[in-house]
Protein chains: 2
Amino acid sequence: MPKQTFFNLSEEKRQSLIAAAEKEFSRVPLVKASVSNIIKMAGIPRGSFYQYFENIEDLYHYLVDLETQKRKKLFINYLKKHNGDIISAATELYKNFLEEMPDENELNFFKFAMLNVTHRVETSLTNFLVDQMDRKQYDEIISLVDKDLLNITNDDEIFHCINIVTSVALRNFIEKFTKELSDEEAIKNFTVDMNLLKHGLYKSEGEHV
Amino acid sequence: MPKQTFFNLSEEKRQSLIAAAEKEFSRVPLVKASVSNIIKMAGIPRGSFYQYFENIEDLYHYLVDLETQKRKKLFINYLKKHNGDIISAATELYKNFLEEMPDENELNFFKFAMLNVTHRVETSLTNFLVDQMDRKQYDEIISLVDKDLLNITNDDEIFHCINIVTSVALRNFIEKFTKELSDEEAIKNFTVDMNLLKHGLYKSEGEHV
DNA sequence: TTGACAAATGACACATTGTCATCTAATATA
DNA sequence: TATATTAGATGACAATGTGTCATTTGTCAA
């Protein structure tokens, strides 16, 4: 997390720093991003940067978290809309993710986050729902999920389901970027995966040949 | 890939370089690893390093690939042993992975690979089966998989199944390290996930309440 | 013996990071 | 008003690292 001094900054200065950082992280993946570039763009002295953040990763993860928050809210909305059907909600979120990307910069930001998934980003993205910090939202989701739909024997397995869906979704998303799939292809692949998850990779006893 | 010069080296020199590199990559994650340390340990001049490798990532991915090859062979063996049952094979591989780690160094090497999954490592690990480069093994796997077991409508979906299993497996593995789970807990979680994948996250029509 | 070429070598230019001593400004206190 | 206190701003700097390149070394064929 950024230090308090960052939040004490004027809205204007803070936004200009964020803008500079987003630009840098859209230019290159985190590993190649440099503090020097960001402060040059933002026009602040080097010392100040370290007054606000531990280091460049601190800033990066702050930005990723901001984005993650947005998606989390969206997902909760979709879960309501689809009456607790997590796969329907995940599918709509995925489509929204793909279609709602107008800004070249923002796209690159996500692209690099995907291509260079460090652990903290990864958990932030795949655990974006199962996050102990946030008990309220956690409980909200539990209450929203339609358990009758799921093939589970206890509440604990709800989280297994959510984790499976999110890790497969993340994988699809990464693949879209690395294989440069069109949105149509990406959604087609995603749908196949989701159906396999829904009905099982294995035939049930009855239909077994 | 390392340059030809690396492969022209004497077995002894090559092994000492690999040993030094493994030590460095077990000490810290790739981002923090330094060429300077490796050459100091291996006792080779700086210029030589760049004679052998493009850069430090080149070396790192070479080592990861070496490890991946080992697992790929193991998986194929397990697939045979379990008569084409991919989930049984994946489960045994996972257990083997967890149990067969005697060396502290090797463990850390994997740990960092997991915690700091850059795209190339990630695809190398999750796509370790579906890898266009290697048509022979690719075909071998197709012929090994018991399609009657799977809930698929065409051959293409075999790869969807494999990808789903591997990405959920990878996720489990990462979680074991980040949450410092015991092997028992890890395997328990893994088994729950695999059962959900097998029989489906959703109840089938028949059993729906 | 010599020429040619692959490989080895390490000094070097350049870039980047995080720190720290010092300065500035704003606010509290007497 | 004068002074003290404290948060924050600043940029020079030491430390470290990277990749390159001109030069040297070694090997092998003619």
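Quick caveat, the model's predicted, so the values are computed rather than measured. Chain identifiers are assigned alphabetically (A, B, ...) following the order of the sequence lines, protein sequences preceding nucleic acid strands; residue numbering begins at 1 within each chain.
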> Taking only residues two or more places apart in sequence, or in another chain, which ones meet E184(B) in a salt bridge (charged side-chain N to carboxylate O under 4.0 Å, His left out)?
Replying inline: none

>> Applying side chain to side chain donor-acceptor pair (under 3.5 Å), can you list everything that pairs with N8(A), at least two apart in sequence or on another chain?
In response: Q4(A)

>> List the residues meeting salt bridge (charged side-chain N to carboxylate O under 4.0 Å, His left out) with K176(B), not counting sequence neighbours, and say none if there are none.
In response: D183(B)

> Within this structure, what is the OH-to-P distance between Y50(A) and dA12(D), rounded to whole angstrom?
Replying inline: 16 Å

>> Rounding to an integer number of Å, can you tell me how far I56(A) CD1 sits from dT17(C) P?
In response: 6 Å

>> Restricting to salt bridge (charged side-chain N to carboxylate O under 4.0 Å, His left out), what partner residues turn up for K13(B), sequence neighbours left out?
In response: none

> Of all residues at least two apart in sequence or in a different chain, which pass the side-chain contact (heavy atoms from CB on, under 4.5 Å) check with E67(A)?
Replying inline: K70(A), R71(A), E106(A), F109(A), F110(A)

> Taking only residues two or more places apart in sequence, or in another chain, which ones meet K3(B) in a salt bridge (charged side-chain N to carboxylate O under 4.0 Å, His left out)?
Replying inline: none

>> Under the criterion side chain to side chain donor-acceptor pair (under 3.5 Å), I'd like the reasoning laid out for D193(A) against N172(A): C-alpha separation, chi angles, the key distance, then a yes or no.
In response: CA-CA 9 Å; D193(A) 280 4; N172(A) 267 271; 2.9 Å; yes

> Taking OP1 and OP2 of dA7(C), is either one under 4.0 Å from a side-chain nitrogen or oxygen of N8(B)?
Replying inline: yes

>> Just the rounded figure in Å: distance from P of dT17(C) to NZ of K40(A).
In response: 11 Å

> Looking at the side chain of S34(A), which of dT16(C), dG17(D), dG19(D) is the nearest nucleotide?
Replying inline: dT16(C)

Give each protein N/O atom lying under 3.5 Å from an N/O atom of nucleotides 14-16 of chain D, with the pair distance.
none

> Once each nucleotide of nucleotides 8-13 of chain C is scored for protein heavy atoms under 4.0 Å, what B/S/- sequence comes out, 5' to 3'?
Replying inline: BBB---

> Rounded to whole angstroms, how far apart are CZ on F7(A) and P on dA7(D)?
Replying inline: 18 Å

>> Rounded to whole Å, how long is the line connecting atom CZ of F53(B) with atom P of dT20(D)?
In response: 16 Å

>> Restricting to non-hydrogen atoms, name the atom on E185(B) and the atom on L181(B) that form the minimum distance, rounded to 0.1 Å.
In response: OE1-CA, 3.6 Å

> According to the salt bridge (Lys or Arg N to Asp or Glu O under 4.0 Å) rule, which pairs have a member within residues 40-55 of chain B, sequence neighbours left out?
Replying inline: none

> Partners of Y78(A) by side chain to side chain donor-acceptor pair (under 3.5 Å), sequence neighbours excluded?
Replying inline: N96(A)

> Quick one: K3(B) NZ to dG19(D) P, roughly how many Å, whole number?
Replying inline: 11 Å

> ring-ring contact (aromatic ring centres under 6.0 Å, His included) with F6(B): which residues, sequence neighbours excluded?
Replying inline: F53(B), Y62(B)

>> Taking the nucleotide of DNA chain C with the nearest heavy atom to each, does K32(B) or Q4(B) sit closer to the 5' end?
In response: Q4(B)

> What is the distance, rounded to the nearest whole Å, between atom CD of E57(B) and atom P of dG19(D)?
Replying inline: 9 Å

>> Any residue in residues 16-27 of chain B with a heavy atom nearer than 4.0 angstrom to DNA chain C? Just list them by number, or reply none.
In response: none

